[in-house]
Amino acid sequence: MNAVIPCIPADPASRGGGSALHAAGPWRVVTADPALEQLAETLRALLSPHLPGRLLPAGGGAPGAHALVLALDDELPAPPRTTVGVAPDGSLQPADEAYRLRVTAGGIECLARTTEGVFRAATSVVQLIATTGAHGELPVQEVTDAPRYAWRGLMVDPARTFLTPDELRRIIDLAALYKLNVLHLHLTDNEGWRIELPSIPRLTESVTDGTAREFYTVAEFRSLQEYAARRFITVVPEIDLPGHCRTLREAVPGLGEAPAPPGLEGRFPFVPPLDLTDEATHAAVTQVLAEICDLTAGPFVHIGADEAFGATAESFAASVRELRTLVRTFGKSPIAWQESSRAGAEPRDIVQYWVDVAMMDLPDTEEELAGRPELVAAGQSMDFIKALKKFFAPTDHDLERVVEAGGRVLLSPQSHLYLDRPYAAEFAPPEQAEAAGRLGFGNYRPLGVQHAAAWDPTAYAIPDACVAGVEATVFAEQFKGFEDVTVLLLPRLASVAEAAWCGRAPGWAEYRDRLAHHGRLWNQRNLAYFASTEVPWTE
């Protein structure tokens, strides 16, 4: 069977009866096109964990070696599905990631009109080889494929739990293998500021007790972007404003506080959002965004604009409008969380949808709260929950505002695509019971892998022209370290990738059988994952 995720639609007429390609190898990556030589080098790096001792070096040969051929082919037909990209100025443009894959008894061909399309074909090959195993066989077949959505992203949160540049590279490789093409870095929050800005060194200087802050230097950030680009992944940095700003306030004392709504001040703990009408605040934010835009190779910078607890609606809207203007002034396109729609929206705006009140799945009574042990353990009270529901009530109309304005929506619903959701204990193998109880954000109801795989990206009644794409997130409030990140990502990230590429939720029974082979791929890459008992994992 083809265990590739996202699924590859093999043409039944192309199957070669009983013929097959033996996975044992040896294998060699070859191309006659100079434009694909760097891609061939990248592919060898991605293949190496899955072909130990069986992958030949560039130019190498051996009797009986299987050829993995990379080639551009202008004669390929148009993509079977329409994909829509977003240009730096916010306008729509066509994107071509379509490819054709041929598996014969002697080797594999990866063909496309574009280098990016050839790379997407090649990642299917990596998965075919990794999930088949050293002694398995790849069925002879021909595949023609293209994505449904142009933006297929993953957000990670080094602001709260720092990930080293090498760890981010491993995440980039993982994302590329599942045909994701955006890495969104949540670089700043109340807990940390993780990007060097030479003009404001206090953001990343040692803290008062002499402990060194962890952050990405200018050189490291540029290197990460170059590494991602070779895997056709765009890095999108997020500087979360005007809320989530404690680290900026600590580095630049005296920044003005946004005016608070009547009755809210002092009721609940929050860091006062910034007021961009304040002269000193505007100057500091302008400097921050000028530098981050200059450091960013891709077309997008994320301005945050979520959860500005303690700011009036008028102050928040004014700040969001100014943040958008500044990013555009510095030559980038702003992305923002859905709350930004309350500052107005227009066709060039891209808004990341993540929540509404129903999706928050919060109790209405003390009795219901008593039946939610995860909320009780997190110290939640009905007073606080009622305040949350009131604060988030406008989210019920954010999508409507964006669509009516002709803007674009990036789908990241908390209900399914927030991968910091705890795993349900009943699906934990004994050796991972502790991890199931410890990992994940305590406010979310623990659920299983099948729940994430059931997500349907078409369930929101949004016109196709208004959907920018799909992005999974893994926030890091309540875990530490790289292994915790990968356990929360895997296996659920695979179903997000399937929905983003194919435009639909997979059938669970068929998808579960494919997913069962991917534990082998993750083991080969030394990536920890949650071995949910919902899936019949193969060795």
Side-chain angles (χ1 to χ4, degrees), residues 2 4 6-11 13-16 19-48 50-51 54-81 83 85 94-132 137-147 150 152 173 176-181 228-233 501:
N2 284 338
V4 176
C7 65
I8 54 174
D11 180 359
S14 72
R15 295 190 180 275
S19 60
L21 174 64
H22 296 282
W27 290 82
R28 59 192 181 97
V29 178
V30 296
T31 183
D33 191 332
L36 298 177
E37 288 179 357
Q38 185 181 78
L39 189 152
E41 179 184 347
T42 299
L43 179 56
R44 289 186 194 95
L46 287 172
L47 275 168
S48 61
H50 310 292
L51 290 171
R54 295 183 288 142
L55 180 62
L56 300 176
H66 301 320
L68 204 175
V69 179
L70 311 178
L72 295 171
D73 185 352
D74 292 335
E75 302 302 319
L76 287 178
R81 293 186 290 271
T83 58
D96 188 353
E97 299 177 69
Y99 68 86
R100 177 169 290 164
L101 183 67
R102 291 195 186 110
V103 181
T104 70
I108 301 177
E109 289 182 298
C110 299
L111 308 169
R113 284 182 300 273
T114 66
T115 305
E116 187 169 359
V118 176
F119 182 74
R120 303 298 176 213
T123 60
S124 292
V125 175
V126 176
Q127 285 198 31
L128 279 171
I129 291 171
T131 59
T132 298
E137 294 182 337
L138 310 180
V140 167
Q141 61 190 297
E142 184 168 308
V143 172
T144 301
D145 198 14
R152 305 180 303 279
D173 286 347
L177 288 177
Y178 288 95
K179 298 185 176 67
L180 302 180
N181 62 356
R230 288 195 293 273
R231 288 146 181 81
F232 297 92
I233 288 178
W501 183 271

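No experiment lies behind these values; they were computed from the predicted model shown.
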Give, for atom [atom1] of [X] and atom [atom2] of [Y], the distance between the pair rounded to the nearest 0.5 Å.
X    : Y    : atom1 : atom2 : value
L36  : F119 : CG    : CZ    : 12.5 Å
T144 : L76  : OG1   : CG    : 7.5 Å
H50  : L177 : NE2   : CG    : 5.5 Å
L180 : F232 : CG    : CZ    : 15.0 Å
L39  : R44  : CG    : CZ    : 10.0 Å
I129 : R54  : CD1   : CZ    : 8.0 Å

Within the structure provided, determine whether [X] and [Y] are in side-chain contact (heavy-atom separation under 4.5 Å).
X    : Y    : answer
P26  : L55  : no
W501 : D145 : yes
L70  : D33  : no
L21  : V140 : no
R231 : T42  : yes
V143 : R100 : no
T31  : V69  : no
R28  : L68  : no

Ignoring hydrogens, what is the shortest heavy-atom contact between [X] and [Y]? Give both atom names and the distance.
X    : Y    : result
L72  : T115 : CD2-N, 3.7 Å
L101 : S124 : CD2-CB, 4.1 Å
A176 : I233 : N-CD1, 3.7 Å
R152 : K179 : NE-O, 2.7 Å
A32  : P34  : O-CD, 3.6 Å
G117 : A112 : C-CB, 3.4 Å

Presence of salt bridge, R113 and D74, under 4.0 angstrom: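 A salt bridge is absent here (no side-chain N lies under 4.0 Å from a carboxylate O).
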Criterion side-chain hydrogen bond (donor to acceptor under 3.5 Å, both in side chains) on N2 and Q141, from CA distance to verdict: CA-CA 10 Å; N2 284 338; Q141 61 190 297; 2.6 Å; yes
Flag, side chain of T114 to backbone of D96, donor-acceptor distance under 3.5 Å: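 Looks like yes, one N/O pair under 3.5 Å.
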CA sep, side-chain torsions, deciding dist, call: Y99, T123, side-chain contact (heavy atoms from CB on, under 4.5 Å): CA-CA 11 Å; Y99 68 86; T123 60; over 6 Å; no
side-chain contact (heavy atoms from CB on, under 4.5 Å) between V4 and T131, worked out: CA-CA 8 Å; V4 176; T131 59; 5.5 Å; no
Donor + acceptor pair across side chains of N181, E116 (<3.5 Å):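 Checked: N181/E116 side chains show no N/O donor-acceptor pair below 3.5 Å.
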Aromatic plane relationship, W27 with H66 - under 30° parallel, 30 to 60° tilted, over 60° perpendicular: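 H66 and W27: perpendicular rings.
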